[in-house]
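Below, chains carry the letters A, B, ... as their sequence lines are ordered, and counting in each starts from 1. Computed from heavy atoms alone, side chains included, the values below leave out hydrogens, waters and symmetry copies.
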2 protein chains.
Amino acid sequence: MDYEILRNVGTIARALDSISNIEFKDIALEKGQYLYISRIFENPGITQKQLSNLLCVDKTTTNRAISRLIEKKLVIKRDDENNKKNKLLWVSEEGSRLYDILHRESDYSTQVALEGLNQDEIIKMTRLLAKMTKNVVNDWSEVKKGHKRIY
Amino acid sequence: MDYEILRNVGTIARALDSISNIEFKDIALEKGQYLYISRIFENPGITQKQLSNLLCVDKTTTNRAISRLIEKKLVIKRDDENNKKNKLLWVSEEGSRLYDILHRESDYSTQVALEGLNQDEIIKMTRLLAKMTKNVVNDWSEVKKGHKRIY
DNA sequence: CACTTATAGTTGTAATTGCAACCATTTATC
DNA sequence: GATAAATGGTTGCAATTACAACTATAAGTG
């Protein structure tokens, strides 16, 4: 049945997250921190709220993770001149060096995950997962705002 | 590039997990507990170790989750007559009733996630994700055992 | 303009999560 | 069959995770 799809998505995600957390202990990153460094590096000046929505993580979780990364001098926080409510985030020089490793690991995991799939399948997969992401993130935003789904 | 694939897998998984955790607070389930109830229901007599491998979760996490579910009388633990090391798990009657709700929610989320995909795409997706799962879980087992991946 | 509502960020608290280190069995090896 | 290695399960810790409840700023509305 179709429910296999979401089950496997969950399993793949947990497995990869677990692998990343274990591997990045070598570079003194704690659970989950790699996610934030990657996204901030690729979206310089992003806010905590935007990060939370990008990752589908609670904003308080993002806040704590960022605080820790600032302590560790891997991320820098600056005030937004145009909007005092916002604090913009950048990766430090040290953080940038880590990004290189994160990127390489991600590439490797992608290679492993896609082993045995041909180019056409990969392209289709990319397109379909993007569509699914949009569908699911939409529901996530609603539910986070308090909307009750009926089923 | 291909790295979009794993990013989206992670995002979908986090979003759905977050939704489930929020929705299942109505039935007094705490973070993550729904996973174990579902899998034990579908695999009666499963052990903690098998559960951990099925979900790609650390065995100590499984242990704590199960202890809590036993306290809540949603899961039952029995000794394996043939092997005193193993403790076999079953869902209680109360737990079975919850399973019904979990199943309905999962169906609904699947429907939402797959909106806009046709039957052929869904079938392909199912097959490809199963293959990816196998690839990734294999690496996860190795890394958990201490194997260092080179990249 | 007043003032209400919404938004971004932050802390209090309580729970899960997972590595390390351990016990109890079982399995492998001599 | 004795002893070593492996396996399944369990606790001590230390950290993330996230809901509530809050502050401060910005945006919407009469």
Margin query: Measure CG/A:N53 against C1'/C:dG9 and give the value in whole Å, please.
Written below: 14 Å
Check: Can any side-chain N or O of B:R14 pair as donor or acceptor with the backbone N or O of A:L55 at less than 3.5 Å?
Finding: yes
Notebook entry, point to check: Do A:K84 side-chain and D:dT25 base share a donor-acceptor contact under 3.5 Å?
Noted result: no
Next item on the list: May I have the distance from A:K87 (atom NZ) to C:dG9 (atom P), rounded to whole angstrom?
Entry: 8 Å
Polar-atom pairs under 3.5 Å, protein N or O versus N or O of nucleotides 14-18 of chain D: list them with distances, or write none.
from: D:dA15; atom 1: O3'; to: A:E30; atom 2: OE1; distance (Å): 3.1
from: D:dT16; atom 1: OP1; to: A:E30; atom 2: OE1; distance (Å): 3.1
from: D:dT16; atom 1: OP1; to: A:Q33; atom 2: NE2; distance (Å): 3.4
from: D:dT16; atom 1: O3'; to: A:K31; atom 2: O; distance (Å): 3.4
from: D:dA18; atom 1: OP2; to: A:T61; atom 2: OG1; distance (Å): 2.9
from: D:dA18; atom 1: N7; to: A:T60; atom 2: OG1; distance (Å): 3.4
from: D:dA18; atom 1: N6; to: A:R64; atom 2: NH1; distance (Å): 2.5

Check: Between A:I46 and B:N83, which is nearer to the 5' end of DNA chain C once each is assigned its nearest nucleotide?
Finding: A:I46
Check: Taking only side-chain nitrogens and oxygens of B:Q48, does any of them come within less than 4.0 Å of OP1 or OP2 of D:dT10?
Finding: yes
Checklist line | Between C1' of C:dG9 and NZ of A:K77, the distance in whole Å | finding: 8 Å
Next item on the list: Give a yes/no on whether any side-chain N or O of A:N63 is located under 4.0 angstrom from OP1 or OP2 of C:dT10.
Entry: yes
Item checked: Parallel, tilted or perpendicular: ring planes of A:F24 versus A:Y34, cut at 30 and 60 degrees -> tilted
Item checked: Between D:dG8 (C1') and B:L51 (CG): distance, integer Å -> 13 Å
Next item on the list: Give a yes or no on whether the backbone of B:E121 and the side-chain of B:N118 come within a donor-acceptor separation of less than 3.5 Å.
Entry: yes
Notebook entry, point to check: Can you check whether A:L16's main-chain N or O pairs, donor with acceptor, with A:S20's side chain at less than 3.5 Å?
Noted result: yes
Item checked: Side-chain donor/acceptor of B:S106 to backbone N/O of B:L102, under 3.5 Å -> no
Note to self: Rounded at 0.5 Å granularity, tell me how far CD1 in B:I46 sits from CD1 in B:I40.
What the structure shows: 7.5 Å
Note to self: Any donor-acceptor pair, under 3.5 Å, between the side chain of A:K59 and the base of C:dG9, if you only look at N and O atoms?
What the structure shows: yes
Margin query: Rounded to whole Å, please give me the gap between CG in A:N86 and C1' in C:dT10.
Written below: 14 Å
Margin query: Base, sugar-phosphate or nothing for B:S67? Non-hydrogen atoms, less than 4.0 Å.
Written below: nothing
Item checked: B:E71 CD to C:dT16 P, straight-line distance once rounded to whole Å -> 9 Å
Note to self: Expressed as a whole number of angstroms, how long is the span from B:D26:CG to D:dC19:P?
What the structure shows: 13 Å
Notebook entry, point to check: Contact class for A:K145 vs. all strands (heavy atom < 4.0 Å): base, sugar-phosphate, or nothing?
Noted result: nothing
Next item on the list: Report the distance from atom NZ of B:K49 to atom P of C:dT26, rounded to the nearest whole Å.
Entry: 17 Å
Notebook entry, point to check: Thinking salt bridges, do A:R68 and A:E30 make one under a 4.0 Å N-O criterion?
Noted result: yes
